[in-house]
Amino acid sequence: MRAGLRLLLLAPAWQRQGLEAWFTARVADLRLVSEPTRDLDLVLWVLRGDEPPATLAHDLALARERWGPVPVLLVLSLDPADQASHWLALPVEGLLHQPTAERMLEALEVLADGGRLVDLPVAPAAAAAAPLEAGVGARLLRSGLAEIAAERRRLQAWSRGGASGWLSRLVVAGRLRELAMAEQVLRLIWRVPPAAPAAASPTAAGALAVAAAPLRYTLPDRRPLTLLAHLDERLREGCRDLELGDGAAPLLALEALLPEQRSQLLQSLLHEFRLLVDRLAAEVPTAVDDPWRLQQPRLRRRALQGLLGAYTRLPREGVLVAPLELLQDDPLLAEEDPELPDLWPCLQGLLSGRPLLLRGTLVAPDEPMALLELQRQLSNWLVRNAELIARRLLEASAAWPELRRALLVEELLATRELERFRNRLNARDRWLALVERPRAIFESRRLLYAIENRRIAPQMQREIRDAELRRLGLWPQLVTLLLEIRDALAPQVALLLNRLGQLAVLLLTQVLGRAIGLIGRGVLQGLGRGLQNATTPPERP
C-alpha cells in the first residue's frame with residue numbers, strides 16, 4: 001500500500017484500538033482519520049453484527065454524500081448466509097466475512113489500486129423454489145421433498161462408498177430416476193415450479209432454498225477484459241472433473257461422453273468463446289445487430305475440432321477416416337437451442353462496460369450480483385452448446401463403433417444400451433418440446449444450467465417470454481390453452497367442491513344425523529318399556 005493514504009476506520013472501540021496499532025506498525029505513513037471528510041482515500045467499516053442490510057444501505061447512501069466516491073471495505077462478523085443477496089447488493093467495493101488483519105490489509109491494497117473483492121462463506125441462492133403457502137399441503141410437500149433429498153444423498157454416498165459392479169450401478173441409477181420422477185409428481189400436484197432438487201431444504205419462511213458455494217473473488221481492476229478473465233477462470237475451474245448423472249440435473253447427452261472427453265469439450269468451447277469475444281472487442285462495430293449469433297455455428301465447429309483433433313484418424317469399415325471431416329459440416333451444428341437465451345446483451349456489458357438490467361435495476365457489470373448473473377448465463381450457454389455437440393457425436397457413434405469406443409462411456413458400448421439411451425433422450429425432448437416448454441413460456445420461466453461446485457445445477461429464472469408465446473405451434477398453443485382453462489375454472493371448481501362439501505355436511509349432520517338420533521331414541525324407549533314390563537309382576541286372574 002502506498003504511503004500517505006488517508007484511511008477512515010469505523011469500528012467498535014475495542015477493535016478500533018487494536019487495528020490502529022496494527023496498521024500503524026505495518027504500514028509506514030498511513031494516515032488514520034477519525035472524522036469523515038471529503039478527501040478520504042479508503043474507508044474500512046467493521047460492523048458490530050446487529051446492523052440489518054436495509055438499514056446499512058440507507059446509512060451508506062447518506063455517508064456517500066459526505067465521503068464522496070471513496071472505496072469502502074465492509075467487514076461482517078456474523079454469518080451472512082440468510083441474507084447473502086442483500087449484502088451483495090450494498091454499494092461497497094469490498095466485502096469480507098470475519099477476516100484477519102493481514103486479509104484486511106490485502107483487501108485495502110486491492111481497493112487502493114482500483115479493484116474490488118468479495119469473500120463470503122456462501123453465495124446467494126440463485127434459484128429458489130416458489131414460496132409455499134402455510135397449511136397441510138405445504139407441510140406434506142416439504143416433508144416429501146425432504147425425504148426424497150435424504151434418500152438421494154444416501155444413495156449417492158452408498159454409490160461413492162463401494163457400489164461396484166454393473167448391477168449395483170444399474171439399481172442406483174434406476175432408484176435415482178424414480179426419486180426424480182416422484183419429485184416431479186409432487187411439484188405437479190402442488191403446482192410448484194421445478195427447482196434444483198439435489199440440495200433443497202425447507203426454511204423457516206416456507207421456501208426451498210438451494211445451497212450455493214462460497215463466493216470468493218478478487219478483481220485487480222474493473223476493466224471489462226478483467227471481468228472476462230475472471231469468469232473464464234471460474235468456469236474453467238468448475239468444468240474440471242464435472243460430475244453428471246447424480247439426479248440433480250435432467251438427462252443430458254453429455255452423460256454419454258467419457259469424463260476426459262466431456263472436460264475437453266467444455267474447455268474447447270471456453271477457449272473458442274474467449275477468442276471470439278476478444279475478436280469482437282477488437283473489431284470496429286458494424287451495422288450487424290448481433291454478430292454473436294452469426295458466429296455460433298463456426299464456434300461450435302471449432303470446438304468440435306478442438307475435441308476430435310484436426311489430424312485424428314479412426315478406422316471405419318477398414319478405412320482410416322477423419323471424424324472431423326464427417327462431423328464438422330453437419331447442418332445440425334448450425335441449429336440453435338430454442339431454450340438458449342440471447343447472450344449478446346451480457347457480452348455488451350463485458351465488452352463495453354454497459355450496465356446490466358437485473359430485477360428492474362441497472363447494475364454495473366463489476367458488481368457482485370451482475371458477476372453472478374454473467375457467470376450463470378455463460379455457464380448455461382456453455383452447457384447447452386456442449387449438449388448440442390454431444391448429441392451429434394452420439395448420433396454418429398451409433399453407426400461408427402470405433403468412434404463409440406473413443407468417446408462414449410463403457411456402459412454405452414453395447415448397441416442395446418446406446419439405443420436405449422438415445423430413445424430416452426428423444427422421449428425427453430418430445431415431452432419438453434410439446435408440454436414443458438409451452439408451459440414454461442406461458443408461466444414466464446426459463447431453465448438455466450449453472451455450473452456450481454463442479455456440478456450442473458438446473459435453476460429456474462423468471463423472464464418475460466410473450467414474443468416466444470406468440471410463435472408457438474398448434475399443439476404447444478393447445479397446451480397453453482389448457483393451462484389457461486385450468487386457471488380460469490379452478491376458482492369455480494373449488495367453489496363447487498366447497499358447496500358440495502357443505503351440502504354433504506348438512507345432510508350428514510342435520511338430516512341423516514337427526515334421523516339416526518330419532519331411530520336411536522325410539523329404540524331406547526322401546527328397550528326401556530320392555531325392561532319396565534319385565535320387572536313388573538304379572539297380574540293374577
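Note: hydrogens, waters and symmetry copies are ignored here, and every other heavy atom, side chains too, is used. Predicted model, so just to flag it, every value in this text is computed and none were measured.
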Within-4.5 Å side-chain heavy-atom neighbours: [X] and [Y]:
{"X": "Cys239", "Y": "Ile451", "value": "yes"}
{"X": "Arg465", "Y": "Arg445", "value": "no"}
{"X": "Leu469", "Y": "Phe442", "value": "yes"}
{"X": "Tyr449", "Y": "Leu252", "value": "yes"}
{"X": "Leu472", "Y": "Thr480", "value": "yes"}
{"X": "Arg437", "Y": "Pro338", "value": "yes"}
{"X": "Arg405", "Y": "Pro401", "value": "no"}
{"X": "Leu382", "Y": "Leu270", "value": "yes"}

Quick check: does any side chain N or O of [X] sit under 3.5 Å from a backbone N or O of [Y], one acting as donor and the other as acceptor?
{"X": "Arg300", "Y": "Ile389", "result": "no"}
{"X": "Arg446", "Y": "Glu339", "result": "yes"}
{"X": "Asn380", "Y": "Arg376", "result": "no"}
{"X": "Glu402", "Y": "Ser397", "result": "no"}
{"X": "Arg404", "Y": "Leu413", "result": "yes"}
{"X": "Arg462", "Y": "Glu443", "result": "yes"}

Please give me the minimum heavy-atom distance between [X] and [Y], naming the atom from each residue.
{"X": "Ser379", "Y": "Ala450", "value": "OG-CA, 3.4 Å"}
{"X": "Glu419", "Y": "Ala398", "value": "OE2-CB, 4.0 Å"}
{"X": "Asp366", "Y": "Leu371", "value": "O-CD1, 4.0 Å"}
{"X": "Ala256", "Y": "Phe421", "value": "CB-CE2, 3.8 Å"}
{"X": "Pro365", "Y": "Pro355", "value": "CD-CA, 4.3 Å"}
{"X": "Ala433", "Y": "Pro476", "value": "O-CG, 4.2 Å"}

In this structure, are over 12 heavy atoms from other groups packed under 6.0 Å from [X] atom [atom1]?
{"X": "Glu463", "atom1": "CD", "result": "yes"}
{"X": "Glu410", "atom1": "CD", "result": "no"}
{"X": "Glu336", "atom1": "CD", "result": "yes"}
{"X": "Arg216", "atom1": "CZ", "result": "yes"}

Hydrogens and angles aside, do [X] and [Y] bring a side-chain donor and acceptor to less than 3.5 Å of each other?
{"X": "Gln377", "Y": "Glu373", "value": "yes"}
{"X": "Trp381", "Y": "Gln296", "value": "yes"}
{"X": "Gln375", "Y": "Arg234", "value": "yes"}

Salt-bridge test for [X] and [Y]: reply yes if a basic N is under 4.0 Å from a carboxylate O, no otherwise.
{"X": "Glu93", "Y": "Arg222", "result": "yes"}
{"X": "Glu272", "Y": "Arg301", "result": "no"}
{"X": "Glu255", "Y": "Arg262", "result": "no"}
{"X": "Glu237", "Y": "Arg240", "result": "yes"}
{"X": "Arg236", "Y": "Asp232", "result": "yes"}
{"X": "Arg391", "Y": "Glu395", "result": "no"}

Can Thr226 and His230 be said to form a side chain to side chain contact (heavy atoms under 4.5 Å, CB included), step by step?
CA-CA 6 Å; Thr226 303; His230 165 73; 5.7 Å; no
Would you check, one step at a time, whether the test side chain to side chain contact (heavy atoms under 4.5 Å, CB included) holds for Val110 with Arg116?
CA-CA 6 Å; Val110 172; Arg116 70 178 310 151; over 6 Å; no
Show your reasoning for whether side chain to side chain contact (heavy atoms under 4.5 Å, CB included) applies to Leu215 and Leu372.
CA-CA 9 Å; Leu215 180 61; Leu372 289 175; 3.8 Å; yes
Go through the steps to decide whether Gln348 and Arg354 satisfy the test side chain to side chain donor-acceptor pair (under 3.5 Å), and finish with yes or no.
CA-CA 6 Å; Gln348 287 180 324; Arg354 180 179 300 180; 2.9 Å; yes
Atom pair [atom1]/[atom2] of [X] and [Y] - distance to nearest 0.5 Å:
{"X": "Phe273", "Y": "Leu378", "atom1": "CZ", "atom2": "CG", "result": "4.5 Å"}
{"X": "Glu147", "Y": "Leu179", "atom1": "CD", "atom2": "CG", "result": "11.0 Å"}
{"X": "Leu333", "Y": "Leu299", "atom1": "CG", "atom2": "CG", "result": "11.0 Å"}
{"X": "Ile441", "Y": "Ile464", "atom1": "CD1", "atom2": "CD1", "result": "14.0 Å"}
{"X": "Leu374", "Y": "Leu347", "atom1": "CG", "atom2": "CG", "result": "8.5 Å"}
{"X": "Leu425", "Y": "Arg430", "atom1": "CG", "atom2": "CZ", "result": "10.5 Å"}

Would Arg471 and Glu468 count as a salt bridge (charged side-chain N to carboxylate O under 4.0 Å, His left out) here? Give the steps.
CA-CA 5 Å; Arg471 293 195 301 264; Glu468 298 178 67; 5.2 Å; no
Given side chain to side chain contact (heavy atoms under 4.5 Å, CB included), test Leu362 with Leu356 step by step and report yes or no.
CA-CA 5 Å; Leu362 289 176; Leu356 301 179; over 6 Å; no
What donor-acceptor contacts under 3.5 angstrom involve side-chain atoms of residues 310-327, with partners at least two apart or in another chain?
residue: Thr312; atom: OG1; partner: Leu308; partner atom: O; Å: 2.5

Can you list every pair that meets ring pair (Phe, Tyr, Trp, His ring centres under 6.0 Å) and has a residue in residues 455-491, with sequence neighbours left out?
none
Given Val409, Leu407, Leu408, the one that forms side chain to side chain contact (heavy atoms under 4.5 Å, CB included) with Gln261
Leu407
For Glu387, the option from Leu254, Asp337, Leu340 that meets side chain to side chain contact (heavy atoms under 4.5 Å, CB included)
Leu254
Would you check, one step at a time, whether the test salt bridge (charged side-chain N to carboxylate O under 4.0 Å, His left out) holds for Arg274 with Asp278?
CA-CA 6 Å; Arg274 183 66 182 272; Asp278 291 342; 3.7 Å; yes
